[in-house]
Amino acid sequence: MSDQKLPTRGEDYSEWYNQVVLRAELADYAPVRGCMIVRPYGWALWENITAALDSRFKATGHVNAAFPLLIPRSFIEKEKSHVAGFSPELAVVTHGGGEELEEPLVIRPTSETIIGYAYAKWIQSYRDLPVLINQWNSVVRWELRTKLFLRTLEFFWQEGHTAHATFEEADFETRQMLDIYTDFAVREAAVPVIPGRKSDSERFAGADQTFSIEAMMGDGKALQAGTSHNLGQNFAKAFEIRYLDKNGVHQHCWTTSWGLSTRFIGAIIMVHGDDQGLIFPPRLAPFQLVIVPIYKTEDEKSSVLECAQKLRKELVAAGIRVKMDEREGVSPGFKFNDWEMRGVPLRLEIGPKDVAKGSVVLARRDRPGKEGKSFVSQQDLAASVAKLLEEIQKSLYDRALAFRNANTFETATYEEFKKAVEKGFAFSWWCGRSECEAKIKEETKATMRCIPLDQPGGTGKCVQCGEISKEKGIFARAY
RNA sequence: CGGGGCGUAGCGCAGCCUGGUAGCGCGCCUGCCUUGGGCGCAGGAGGUCUGGAGUUCAAAUCUCCACGCCCCGACCA
C-alpha cells in the first residue's frame with residue numbers, strides 16, 4: 001500500500017472502486033487484458049454468495065450439474081437471435097493438439113445451446129419434465145471495456161436452465177427465480193433491488209422475455225444484478241427439445257435460463273462502501289468480526305492474547321466468522337483502519353483494561369468513530385455480537401433503501417427527466433416504443449433499466465413522446 | 001473498435017526537453033523503540049529503464065516499429 005488514504009467517492013468514484021478492490025485484496029489484474037484474479041478474500045465473499053443462492057435453488061427443486069466449456073460453433077448458430085447477440089463477443093478455439101480443428105470450438109459465453117443439445121437427448125416424455133438444472137461455472141465474453149467484477153472477459157456465475165411442458169410453467173419458473181434473486185439481494189446482501197421486465201432492446205439474445213433485478217449504486221447509476229429469461233420455445237425448436245404429451249402428440253418444451261454473476265460483488269461494494277472503504281453485509285462477510293488485541297508489555301501480551309483466544313473460541317462455537325489479527329509490528333491503529341477498509345462489519349478491541357474489567361470494545365463498521373463503539377461485557381458476548389450483526393445488516397439495508405429513494409424521481413416532463421438521470425433513477429411513464437427508448441439514450445445517456453413488476457396502475461403520458469402509456473419504467477445511466 | 005494517457009525497483013513517481021555514474025517517496029528485510037485510531041530511529045536488499053530496430057564514441061533520454069495497461073466514448077451479465 002503506497003498511499004494510505006483512498007480517493008474519496010466524491011473525488012473520483014471510479015478510482016475509489018478500482019483502489020478499494022485492489023487494496024482490500026478482493027481481486028487483481030491478470031496478465032491477459034480483461035481477465036481477473038479473484039483473491040482469497042474476494043473468493044470467500046463469492047463462496048458465501050454461492051452458498052446462499054445454492055440453498056435457495058435446492059429448496060425449489062433444482063439440482064447442480066456440469067456442462068462442457070467448449071461448444072461446437074455450429075451450436076451457437078442454431079438460434080438466430082442468439083448468434084446475432086453473441087457472435088461479436090465469442091472466443092473461438094481453432095487449434096487443438098497442434099492441428100487446425102475441422103470445426104472451431106467456442107468457449108461458452110453461456111450454455112443454452114450445449115444444454116439444449118443435452119435436453120433434446122434426455123427429454124422424451126411429459127414424465128421427464130420439468131428438468132431443473134443449475135451449474136456453477138465461468139463463461140467468456142470478449143469484452144473490450146473491462147472493470148474488475150463489473151465487466152470482465154471471463155466471469156464466474158451460476159446459470160440455471162430448465163425445461164417445462166407449458167408456457168405457464170416456464171413463466172412461473174422465470175418469475176420464481178427472479179423472486180429468489182430479489183430475496184437473496186435483500187436478505188443476504190442488504191441490497192435493495194427493483195424486480196422488473198426488460199425492454200425489447202435490452203432482452204437476452206434468444207429470449208421471449210427477460211426479467212432483471214436492478215440496484216442503485218453509490219453514484220446513482222444502475223446495475224443489473226441478476227437476470228431471469230423466459231426462452232419460450234426458441235431453443236426448444238432450434239435444438240428439437242421435444243416431449244410426447246399425454247395424448248401421444250409431440251410438443252416442443254418451454255425453457256428458461258437465469259443467472260447471477262460475480263458482478264454482484266461489484267454491487268455490494270458500490271451499494272454499501274464509504275470513503276473508508278468496503279462495508280460488507282454481515283450475512284455475506286468473509287469475516288463478520290475481527291479481534292484486535294492491544295498490549296504493551298510481554299505480560300500484557302500473554303494475558304490479552306489468552307483472553308482473546310478464549311473469546312474467539314466462544315464466538316466461533318456460536319457460528320460467527322471471526323478473524324484474529326495477531327500481526328506483530330503493526331499498531332492497533334493501523335489494524336483498525338486496515339479492517340475498516342476491508343469491510344469487516346464488527347471489530348472487537350481487547351486490551352489490558354478490558355481483561356481486568358471483563359469487558360471488550362465493539363466497534364460497528366457502519367457507524368464511524370466513537371458513535372459506533374460500545375463497551376460490552378465478556379459475559380454472553382456471542383449473543384451481543386449476534387444481535388449487533390443483525391442490527392448492522394438491517395441498518396445497511398435501510399441506509400441503501402433511503403439513498404435509493406432519495407435519488408429516485410417520478411418525472412412528469414422531459415426536462416425533469418433529464419435532471420433526474422443526472423442524479424439517479426427516473427421513474428416515468430413510457431409508451432413502450434423502441435424509438436422513444438433510443439432517443440432517450442441518445443439524448444441523456446440513460447437506458448431503460450426495467451419496467452418494475454410493481455406498477456402504480458392507471459395511465460400517463462410518455463415522458464419522451466407524450467403518448468398515453470400504461471406502464472412506468474425505470475431509466476438510469478447504467479454500468 | 002475509435003479518442004486520450006501511461007510503460008523507469010513490489011507500488012506511486014522524478015530523470016527525457018538540452019544524450020555521458022540509475023534517483024525519490026512508500027512498501028520490503030534486520031535491529032532497537034513503540035502499540036487504546038494509519039509510530040519513530042538506524043542500517044540494508046532490490047533495476048535486462050516494456051520489447052525490437054536505427055542514429056551516435058556513448059541512448060532511460062533522439063527516430064521508427066511493435067506490444068501491453070489504464071481512462072473516456074460506441075456494444076454487453
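Lettering of chains follows the sequences in order, A, B, ..., and the numbering in each one begins at 1.
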Just checking Asn18(A): base, sugar-phosphate only, or nothing, at a heavy-atom cut-off of under 4.0 Å?
sugar-phosphate
Indicate whether any N or O donor in one side chain lies under 3.5 Å from an N or O acceptor in the other, for Thr152(A) and Glu154(A).
no
Nucleotide forming a Watson-Crick or wobble pair with C24(B), both distances under 3.5 Å:
G12(B)
Does Gly206(A) offer a backbone N or O that forms a donor-acceptor pair with the side chain of Asn234(A) under 3.5 Å?
yes
Which part of the nucleic acid does Glu340(A) contact within heavy-atom distance under 4.0 Å: base, sugar-phosphate only, or nothing?
base
Spell out, as yes or no, whether a donor-acceptor pair under 3.5 Å connects the side chain of Arg449(A) to the backbone of Ala215(A).
no
Can you tell me how far P of C11(B) sits from CD of Glu25(A), to the nearest Å?
14 Å
Keeping Tyr119(A) on the side-chain end and Ala236(A) on the backbone end, is there a donor-acceptor pair under 3.5 Å?
no
Value in whole Å for how far the C1' atom of G27(B) lies from CZ of Arg327(A)
14 Å
Using a 4.0 Å heavy-atom cut-off across all strands, classify Val361(A) as base, sugar-phosphate, or nothing.
base
In whole angstrom, what separates Arg23(A)'s CZ from G12(B)'s P?
11 Å
Asp274(A): which of Arg367(A), Arg365(A), Arg399(A) passes salt bridge (Lys or Arg N to Asp or Glu O under 4.0 Å):
Arg365(A)
Any strand, both distances under 3.5 Å, Watson-Crick or G-U wobble: G68(B) pairs with C6(B)
Would you call Met448(A) and Ser201(A) a side-chain contact if the rule is heavy atoms closer than 4.5 Å?
no
Do any pairs count as a side chain to side chain donor-acceptor pair (under 3.5 Å) and have a residue in residues 343-357 of chain A, sequence neighbours left out, and if so which ones?
Glu340(A)-Arg347(A), Arg347(A)-Glu349(A), Glu349(A)-Lys373(A), Asp354(A)-Ser359(A)
For nucleotides 72-77 of chain B, read 5' to 3', which letter fits each nucleotide if B means a protein heavy atom sits under 4.0 Å from the base, S means only the sugar-phosphate is that close, and - means neither?
SBBSBB
Any strand, both distances under 3.5 Å, Watson-Crick or G-U wobble: C62(B) pairs with G54(B)
Closer to the 5' end of RNA chain B via nearest nucleotide, is it Gly369(A) or Tyr29(A)?
Gly369(A)
Measure from CG on Leu362(A) to C1' on G36(B) and round the result to the nearest Å.
14 Å
Counting the atoms with a prime plus P, OP1 and OP2 as sugar-phosphate, which does Gly259(A) contact under 4.0 Å by heavy atoms, base, sugar-phosphate, or nothing?
nothing
Chi-angle category of U48(B) [syn within 90° of 0, anti beyond]
anti
Atom-to-atom span, CG of Leu22(A) to P of C71(B) - whole angstrom:
10 Å
What about Asp338(A): does its side chain form a donor-acceptor pair under 3.5 Å with the base of G38(B)?
no
Contact list for RNA chain B against residues 171-185 of chain A - heavy-atom distance below 4.0 Å:
none
Suppose we define a pair by two distances each less than 3.5 Å, Watson-Crick or G-U wobble; what does A42(B) pair with here?
U30(B)
Cationic tip of Arg342(A) within the cone over Tyr41(A)'s six-membered ring, i.e. under 6.0 Å and within 45° of the normal?
yes
In whole angstrom, what separates Asp325(A)'s CG from G38(B)'s P?
15 Å
Here the side chain to side chain donor-acceptor pair (under 3.5 Å) pairs for residues 417-426 of chain A, sequence neighbours left out, are Glu422(A)-Arg477(A)
Flag the pair Thr210(A) / Glu202(A) as yes when at least one side-chain heavy-atom distance between them is below 4.5 Å, and no otherwise.
no
Rounded to the nearest Å, what distance is computed from the CE atom of residue Met341(A) to the P atom of nucleotide G37(B)?
19 Å
Quick check on contacts: within residues 273-301 of chain A, what sits under 4.0 Å from RNA chain B by heavy-atom distance?
Ile294(A), Tyr295(A), Lys296(A)
Worked verdict on Lys441(A) versus Glu437(A) for salt bridge (Lys or Arg N to Asp or Glu O under 4.0 Å)
CA-CA 6 Å; Lys441(A) 187 175 178 183; Glu437(A) 191 184 350; over 6 Å; no
Just how far, in rounded Å, is C1' of C71(B) from CG of Leu148(A)?
14 Å
Name the orientation class of the two ring planes belonging to Phe75(A) and Tyr117(A) (parallel below 30°, tilted from 30 to 60°, perpendicular beyond 60°).
tilted
Arg56(A) with Asp183(A): basic N within carboxylate O range, under 4.0 Å
yes
Please classify the nucleic acid contact of Arg347(A) as base, sugar-phosphate, or nothing, using heavy-atom distances under 4.0 Å.
base
Under-4.0 Å salt bridge between Lys58(A) and Asp54(A)
yes
Tell me whether the side-chain N or O atoms of Lys335(A) pair up with the base of G36(B) as donor and acceptor below 3.5 Å, since no angle test is needed here.
no
When both hydrogen-bonding distances must be under 3.5 Å and the geometry is Watson-Crick or G-U wobble, what is A74(B) paired with, if anything?
none
Considering only heavy atoms from C-beta outward, does the side chain of Phe204(A) approach that of Lys198(A) to under 4.5 Å?
no
B/S/- contact track for nucleotides 41-46 of chain B, protein heavy atom under 4.0 Å
------
Consider ring pair (Phe, Tyr, Trp, His ring centres under 6.0 Å). Of Trp46(A), Phe184(A), Trp157(A), Tyr479(A), which one does Phe264(A) pass it with?
Phe184(A)
Using the P atom as the point on both nucleotides, what is the distance between A45(B) and C29(B), in whole Å?
16 Å
